[in-house]
Amino acid sequence: MTGSRRAVPEEPGSRRAVPEKPSLDGIEERHARRWEADGTYRFDRGRTRDEVYSIDTPPLTASGSLHVGHVYSYTHTDIAARFWRMRGREVFYPVGWDDNGLPTERRVQNYFHVRCDPSLPYHPDALAALGITGDELPEAAGRKRREEAPTRLSRRSFIELCALLTARDERVFETLWRRLGLSVDWSMTYTTIGSTARRVAQRAFLRGLAAGEVYHALAPTAWDVDFQTAVAQAEQEDREVAGAYHRLVFGLDNDDPGGGAHTIEVDTTRPELLPACVALVAHPDDARYRSLFGRTAVSPLFGAPVPILAHHLADPGKGTGIAMVCTYGDVNDVTWQRDLRLPIRSILGRDGRFIAADLTSSTEGSAFYATLVGRSVTQARREIVARLAETGRLVGEPRPITHPVKFFEKGDRPLEIVTSRQWFIRTLEHRDTLLAAGRELRWQPEFMRRRYEDWVSGLTSDWLISRQRYFGVPFPVWYPLDEHGEPRHDAPILPDESALPIDPQSDPAPGYREADRGRPGGFMGDTDVMDTWATSSLTPQIAGGWCEDEDLWRRVYPMDLRPQAHDIIRTWLFTTVTRALQLDGSLPWHTAAISGFITDPDRKKMSKSTGNVVTPMQPLEEYGSDAVRYWAAGGRPGADTAYDTNQMRVGRRLATKILNVSRFVLGFEPVDPVSGGSAPFDSVPGVSEAPGVSGAPGGSVSGVSEALDRAMLAQLGLVVADATAALEALDYTRALERVEAFFWTFCDDYVELVKGRAYGAGPGSRSARSALTYALDVLLRLFAPVLPYVTDEVWSWWRDGSIHRAPWPGGAPISQPGAGDPAVFAAASALIGAVRRAKAAAGVPMRTETPSVAIPADTPGLAHLDAVREDLLAAAHTGAVTADSDG
RNA sequence: GGGCGCGUAGCUCAGCGGAAGAGCACUCGCCUUACAAGCGAGGGGUCGCUGGUUCGAACCCAGCCGUGCCCACCA
């Protein structure tokens, strides 16, 4: 056996040789292609549930803008997927595109400068008129003709356009995700507007309806006047906006026996709602108003008589302590209308403009109101305030304030409250069950559980799932029309489940002909579509084959992992739990891993509106996927992390280092350090074997005789145990830290110490080369989940197949007689460090031979000097190492 | 207004009851036969503030301050 360097052979069969000059260039294309060709990440459905690790991946928003935040969190998931795959679990890791819903509509509207007009008939050439032929889409057509009026499209043409654009977006995005190296099975990709998703969503809806968990009702709901759709609680956000208190003077009826005041002053920030005023409300204990309860006030300008009433929600500290109740200014108005049985006086239409209304008003008031019809809220406010001032009914000047106002999170104007017919899923009455589910779920990190609990505890209404939009899953419902052509909402017509998916706009109701649509005595289809969360809350069911592929369903559900960001706990996580409880009575997954946000280097949240978004392709190309993944892996679960190209540089350096040290180790004559197989660390007694791994070759290291070599392997064994435990707990950051720290010590100290011996001959050389090969094998596997490209690159130099299907290393090596002592490894590092310091302090270059080197007597590990003396002297280029008590 | 997270070297962060750590940046030295896209050495911190518990606190408790996120009832 000789330690001479091996000549690099030409490509030997399926394995590539160890290259003379290893490089990261081109490895991504090469291995991505190989993974695809070999089906490396293909899901094998032959496994049973306990052998499967299933992941309910967040559907990628194809219509949104991509930024490195996506790369960040998806990398975390991919690390878990790769880890469990190497542990022997069959990983169910499909990916979906969340393409339905408002974001897509908005993107299509802006991109093509079009609007949907459901009243238009379908025209087959409508898209061609926009310059669209086949799959060829013009570049952002809308931008060029922004000054023109948008092109109006029929509902069907608009949906076609949405489908075309999302299909193209999805192709672009898939390229990026593949480049990042996500180990998903791309053959199982689904979309939330696809026929499977529509069928699953409609089936879940019908079952919910049958179970009484889904209902529809005519109710006041938050309404976006621009998108003209209802908006659920989860999609609303508060924004601080400028407003102003206006102090209005109401009249009082004249039957006050005490001859008290004849007017009453009321503060409001929404004076334009004065014509919709139906009452004044003060707190029952408010001494200022107690004597007025039961009396009647008269509204200024409009002369409408309104009762003065008491309700505990009135806040004596706000304004003058008495509030104007309108139809509807805010959610309190809704409560007051209901609790105090007040009349409804609607003045706002669905487009946010004043509508003709039959008001209880004076003649002059009615005449004034007529001039407001068709005005927007802002215009009407201006006119009403001006008139109030003219007539002396405004006290002083409006007092500017900033206050929180509810907005649709994607909207630009404040939400109004409009009464309309909507579909709901029951959540309020299941609050306790939902809270119990949150306690049962495992959260990573744990503190995120609180977000969920607070949200569920704070629910104020059932989940509103209908949207008055177009690109979504239609409600599978028709209504019979009575003899006047009015829909009978109390007698909905439902399809059979076997007919799903259906579109009530194009499919006739069962028992009717298409010609009966819209006719008295005929039918009409429900025009609404489901909110995007109503479909994406079913991702486990859609991806897992619920009622579609029961065999698959049994193998993957309930899923192991739900990874997602913390901003959608109240939406995606909450709604998925709600659906699973309703459909199966169980949790949809075992663990929720919540990732943080990416901030810019100034620690500001990266978002489109801030304009600080970094798109991912550029860093992927500049630093490489492994390097970007390395940066992502440095962000702890749930922690917001700064975008940091420095870390990507470090990651790239690590990848390069792996290439170089591998070239060094594999450059020796081949040594098989493992007897009986190529899977060191497997099947070591006392170490739990990965589930699903059967027949993994056992092995023990042979020929490793030197104490230092054994010590290094013993330390490596500890690292394996540590990294494994960390990854099992989804703490990929700690796992990487431990592995990386060992790796650098391995390179800088161990390799330097044994290099000379390895180049030599005899048992000492064989021991070093065996240990080096063995350690490299293990280190590559430990790095593989984070750095999939470079590790598979090195793997391909000397091993068959992909490292990503190789078993995860398990347990301590050479636990058999003569096991190494990790303390010797630490001592060796400390000793070589002390020698280097001594030579540096003496101004002697490291490689300069010296007769002896004196190191401090308190150097840690001095007791192990004898065990590593020969290697130390060789590495230190010195004849002797002595302990110097002077330090 | 409420909840939660975070404040440790210039920067990004680990450590979470027993002598202040890593990487980057910075300074100096080395073209050492895996790697100069490298290697070695070094300087640099009253661990946000104030109290408390303890033999001992970056770490536990209380209260502040700063910062970020989530939530909240628009008069």
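All chains are named by letter (A, B, ...) in the order of the sequence lines, taking the proteins before the strands, and each is independently numbered beginning at 1. Just so it is clear, the model here is predicted, and its values are computed rather than measured.
As a whole-Å value, the separation of A/R451 CZ from B/C69 P is 11 Å. Atom CG in A/D567 sits about 10 Å away from atom C1' in B/C70, given to the nearest Å. In this structure, A/I568 places its CD1 atom 12 Å from P of B/C71, rounding to the nearest Å. To the nearest angstrom, C1' of B/A14 lies 15 Å from OH of A/Y732. Here the C1' atom of nucleotide B/G3 and the CD atom of A/E453 are 11 Å apart, to the nearest Å. The separation between A/I832 atom CD1 and B/U32 atom C1' is 12 Å, rounded to whole Å. One can place CZ of A/R636 at 23 Å from P of B/G68, the figure rounded to the nearest angstrom. Rounded to a whole Å, the CG atom of A/N332 is 14 Å from the P atom of B/A72.
Counting non-hydrogen atoms under 4.0 angstrom, A/E740 reaches nothing in the nucleic acid. Among the protein residues, A/V325 comes within range of no part of the nucleic acid, since none of its heavy atoms lies under 4.0 Å from any strand. At the heavy-atom level, A/E237 lies nowhere under 4.0 Å from the strands shown. Within 4.0 Å of A/L659, counting heavy atoms only, lies no atom of the nucleic acid at all. Nucleic acid contact for A/C747: base, since at least one base atom lies under 4.0 Å from a heavy atom of the residue. Within the nucleic acid shown, A/A841 has no heavy atom closer than 4.0 Å to any nucleic acid atom. Residue contacts for A/H877: at a heavy-atom cut-off of 4.0 Å it reaches no nucleic acid atom on any strand shown. Heavy atoms of A/G329 sit under 4.0 angstrom from at least one base atom. Contacts of A/K839 with the nucleic acid, taken as non-hydrogen atoms under 4.0 Å apart, are absent. In this structure, A/V405 reaches the bases: a heavy-atom distance under 4.0 Å links it to at least one base atom across the strands shown. Within the 4.0 angstrom heavy-atom criterion, no nucleotide atom of any strand lies near A/I569.
There is no side-chain donor-acceptor pair under 3.5 Å between A/R629 and A/S625. A/T327 and A/S346 form no side-chain donor-acceptor contact under 3.5 Å, judged by distance and modelled atom types alone.
Closest approach to the A/W455 side chain among B/C71, B/A41, B/U12 is made by B/C71 (side chain taken as heavy atoms from C-beta onward). With distances taken from any side-chain atom of A/H403 to the nucleotides B/C74, B/C73, B/G40, the minimum falls on B/C74. Comparing B/A41, B/C74, B/G5 against the side chain of A/F447 picks out B/G5 as the nearest. Across B/C4, B/C35, B/A41, the shortest atom-to-atom separation from the side chain of A/R450 is found for B/C4. Distance from the side chain of A/R570 is smallest for B/C70 among the nucleotides B/C73, B/C70, B/A25. In this structure, of B/U32, B/G3, B/A37, it is B/A37 that holds the atom nearest to the side chain of A/T656. Residue A/D238 has its side chain nearest to B/A72 when only B/C24, B/C69, B/A72 are considered. Nearest nucleotide to the A/A840 side chain, out of B/A41, B/C24, B/G3: B/A41.
Ion pair A/E737/A/R734 not flagged as a salt bridge, since none of the NZ, NE, NH1 or NH2 atoms sits closer than 4.0 Å to an Asp/Glu carboxylate oxygen. A salt bridge links A/D749 to A/R836: one of the charged nitrogens lies within less than 4.0 Å of a carboxylate oxygen. Of the charged side-chain nitrogens involved, none lies within less than 4.0 Å of a carboxylate oxygen, so that A/R652 and A/D626 do not count as a salt-bridged pair.
Residues A/V306 and A/F250 are in side-chain contact: their nearest non-hydrogen atoms beyond the backbone lie under 4.5 Å apart. A/V719 has its side chain out of reach of A/F743: every pair of non-hydrogen atoms, C-beta onward, lies at least 4.5 Å apart. Residues A/L666 and A/L776 meet the side-chain proximity criterion, which asks for heavy atoms closer than 4.5 Å. By the 4.5 Å heavy-atom criterion applied to side chains, A/W631 and A/Y72 are counted as neighbours.
Using C1' as the reference atom, B/G29 and B/G21 are 25 Å apart when rounded to the nearest Å. For the C1' atom pair drawn from B/U67 and B/U8, the interatomic distance equals 16 Å after rounding to whole Å. A distance of about 25 Å separates the P atoms of B/A14 and B/C65, rounded to the whole Å. B/C13 and B/G48: their P atoms are spaced 15 Å apart (whole Å). Nucleotides B/U46 and B/A57 have their C1' atoms positioned 14 Å apart, rounded to a whole Å. Rounded to whole Å, the C1' atom of B/C28 lies 15 Å from the corresponding atom of B/G44. With C1' as the reference atom, B/C74 and B/C47 are 44 Å apart, rounded to whole Å. For the P atoms, the distance linking B/C70 with B/A25 amounts to 34 Å, nearest Å.
Other residues, nucleotides and ligands place more than 12 heavy atoms under 6.0 Å from the CD atom of A/E409.
If A/W744 and A/A234 are placed on RNA chain B by their nearest nucleotide, the residue sitting closer to the 5' end is A/W744. Residue-to-nucleotide proximity on RNA chain B shows that, of A/M324 and A/D25, the 5′-proximal contact is made by A/D25.
Between A/K21 and B/C35, a side-chain N or O to OP1/OP2 separation shorter than 4.0 Å is absent. Contact check, A/Q233 against B/A72: a side-chain N or O comes under 4.0 Å of OP1 or OP2. Under 4.0 angstrom from either OP1 or OP2 of B/C74 there lies at least one side-chain N or O belonging to A/K318. Neither OP1 nor OP2 of B/A14 sits under 4.0 Å from any side-chain N or O of A/R734.
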* Asked: What would the secondary structure line of RNA chain B be in dot-bracket form, counting Watson-Crick and G-U wobble pairs under 3.5 Å, with [ ] for pairs that cross earlier ones and | for pairs with another strand?
  -> ((((((((.[[[[.)..(..]]]].(((((.......))))).....[[[[[..)....]]]]])))))))....
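With rounding to the nearest 0.5 angstrom, the CG atom of A/D315 is 13.0 Å from the CD1 atom of A/I322.
Checked by distance alone, A/K657 brings a side-chain donor or acceptor within 3.5 Å of a matching partner on the base of B/C35.
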